[in-house]
Amino acid sequence: MLDPKLLRTKLSEVKERLQKRHFDLDMGQYESLEKQRKALQIRAQELQQKRNSESKEIGQAKQRGEDIEPLKSKVAALADELKQAEASLGQVQEALLAFELTIPNLPHDSVPDGKDETGNLELRVWGEAKHYDFEVKDHVDIGEQLGLLDFERASKLTGSRFSVLRGDLARLHRALIQFMLDVHTAEHGYQEIYVPYLVNSESLRGTGQLPKFAEDLFALAGEKEFFLIPTAEVPVTNLHRDEIIDANALPLKYVAHTPCFRSEAGSYGQDTRGMIRQHQFEKVELVQFVRPDESYQALEQLTYHAEEILRRLELPYRVVSLCGGDIGFSAAKTFDLEVWLPGQQKYREISSCSNFEAFQSRRMLARYRDLDSNKPELLHTLNGSGLAVGRTLVALLENGQQQDGSVTIPSALRPYLNGQELLTP
RNA sequence: GGAGAGCUGGCUGAGUGGUCGAAAGCGGCGGUCUUGAAAACCGUUGACCCGAAAGGGUCCGGGGGUUCGAAUCCCUCGCUCUCCGCCA
């Protein structure tokens, strides 16, 4: 959520800055709601003040033993009027909040212009796409030919966009999770955390998935309004919802491994083959809570932490800065990590690292107590995949493939697999 | 699933219809004292909203109700704890 004060005082500037994302802010609707809000709030507060002071007088009169009946009827009329004013104020405030919750974050000045992913800016490239002197296969063929990847049975169990892994591939999948958590906890200073995979709607509102993106979520049908998490970002960032954190405890850095569930509504026909786009996948997620003046430095650091996993796995990748049209709803700035997939002859997103500035913390009321002012201030939140495990597995299969159908396992993972160097049938 | 008890500020905890945003203690901050620290003592210390300010308003788990007036009474939902049942 944007700062309501900013909307009130610099509306046209906000509108202009949002045009970078190709978002058209309806200034007329906002101004009309805000005008009503102000008038109603002033009215309601006047009535409240009157009621409070006159009720106090009744209390005093009663103590003096006076007849309070005439006073009572006078204030009763006031109370009715107040009730009405409060009700209309509540309605307008609700409408205003609903409007504000659908406005995306302001993109940072450094975000490149552009309307879609073709406008993203390549910042750096690491590693080189290997040359294969045989015809390369994609991960589906590799995995199925090894007998380790099974989409047919997955669709029998559930439906499309699910996968079954077996044997060494299931083990490699588990090893990847372990490896990522170990690097981030032991070397990058993150605290490992285990969180619920079901969350309530307040949490989803806090990080920005609700109210606008309900169709991307899986909701439980039971009597409780629970949702499957689309990313660990939701439970981990909401850990500090409605909290005021001691400044000395900052930065807070968490790493969590969770499954993620996404309905992928609106992506029909995209990435239907293989495990690139699944309804269920595993992810190791990095989340940071930092002081506002440190958040852009933290974004560089967090991105570097995610990149480190790709480097250790010897996977070629590039880093792109998302343009205004491609950046997510809540983010002020995002770097995507894209891994090279020989099977597609393309770089594909494997991690997305974002600085949300105060956008999420304002929704969540996640604050810290500033050492100078001794006042609560909004934190800045960041997160990034470190990494998406399913896609990492895809990248390992495709980049490690050999002519005979076997797959080389990078040396960083071998300690997690009793030294195993190859996937073979 | 059944029965009961609770939910108050950063924490502990008092408050059961009137000047209560709320005693007291702890913690925090500032000061006195001290070579320094501790102790002691003094002062100070909730969040949010409107407002340039003065000031005003809201908030005692959420929502609703009763009342001139609600932390306090009623209803409802959520959560926590205890006992019973079931269960990985």
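Order of the sequence lines sets the chain letters (A, B, ...), proteins ahead of strands, with each chain counted from 1. Scope of the values below: all heavy atoms of this structure, side chains included, with no hydrogens, waters or symmetry mates.
As rounded to the nearest Å, B:G25 and B:U8 have C1' atoms that lie 15 Å from one another. Rounded to whole Å, the separation between the C1' atoms of B:U82 and B:U45 comes to 37 Å. Taking atom P in both B:C74 and B:U66, the straight-line distance is 15 Å, to the nearest Å. Of the C1' atoms belonging to B:A40 and B:A70, the separation is 42 Å, rounded to the nearest Å. Separation of the C1' atoms belonging to B:G61 and B:G57 is 22 Å when rounded to the nearest angstrom. Rounded to a whole angstrom, the distance from the C1' atom of B:C50 to that of B:A38 is 47 Å. When the P atom is compared between B:U67 and B:C83, the two are found 42 Å apart, to the nearest whole Å. B:G6 and B:A88: their C1' atoms are spaced 29 Å apart (whole Å).
Electrostatic pairing of A:Glu46 and A:Lys50 does not count as a salt bridge here, judged by no charged N lying under 4.0 Å from a carboxylate O. The pair A:Lys15-A:Asp26 fails the salt-bridge criterion, with no side-chain N (NZ, NE, NH1 or NH2) lying under 4.0 Å from an Asp/Glu carboxylate O. A salt bridge does not link A:Asp246 to A:Arg369: none of the charged side-chain nitrogens sits closer than 4.0 Å to a carboxylate oxygen. Looking at A:Glu31 and A:Arg8, no side-chain N of the basic residue comes within less than 4.0 Å of a carboxylate O on the acidic one, giving no salt bridge.
B:U19 atom P lies 7 Å from atom NZ of A:Lys56, rounded to whole Å. Residue A:Asn200 contributes atom CG, which lies 13 Å from atom P of B:G78 at whole-angstrom precision. What separates CG of A:Asp370 from C1' of B:G28 is a distance of 15 Å, to the nearest Å.
Across all strands shown, B:A39 forms no Watson-Crick or G-U wobble pair with both distances under 3.5 Å. Base pairing of B:C73: its partner is B:G65, meeting the Watson-Crick or G-U wobble criterion (both donor-acceptor distances under 3.5 Å). When both pairing distances are held under 3.5 Å, B:G10 makes a Watson-Crick or G-U pair with B:C26. For B:A47, the paired nucleotide is B:U58, the pair qualifying as Watson-Crick or G-U wobble because both relevant distances are below 3.5 Å. Across all strands shown, B:C33 forms no Watson-Crick or G-U wobble pair with both distances under 3.5 Å. If you check B:C86 for Watson-Crick or wobble pairing at under 3.5 angstrom, you find it has no partner at all. Across all strands shown, B:C81 forms a Watson-Crick or G-U wobble pair, both distances under 3.5 Å, with B:G4.
For A:Gln270, the CD atom counts as densely surrounded, since its 6.0 Å shell holds more than 12 non-hydrogen atoms of other residues, nucleotides or ligands.
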Tell me, for nucleotides 46-67 of chain B in 5' to 3' order, what letter each nucleotide earns: B for a base near a protein heavy atom under 4.0 Å, S for only sugar-phosphate near one, - for neither? -SSSSS----BSS-------S-

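Contacts of A:Leu71 with the nucleic acid, taken as non-hydrogen atoms under 4.0 Å apart, are absent.
A donor-acceptor contact under 3.5 Å links the side chain of A:Lys62 to the base of B:G18.
Within the structure, every pair that satisfies the side-chain hydrogen bond (donor to acceptor under 3.5 Å, both in side chains) test and touches residues 281-302 of chain A, not counting sequence neighbours, is listed here: A:Tyr190-A:Gln288, A:Thr231-A:Lys283, A:His257-A:Glu282, A:Lys283-A:Glu285, A:Gln288-A:Gln301, A:Arg291-A:Asp293, A:Ser295-A:Asn355, A:Ser295-A:His380, A:Tyr296-A:Glu357.
A cation-pi contact, defined as under 6.0 Å to the ring centre and within 45° of the axis, is absent between A:Arg171 and A:Tyr416.
Between the side chains of A:Gln344 and A:Glu398, not a single donor N or O lies within less than 3.5 Å of an accepting N or O.
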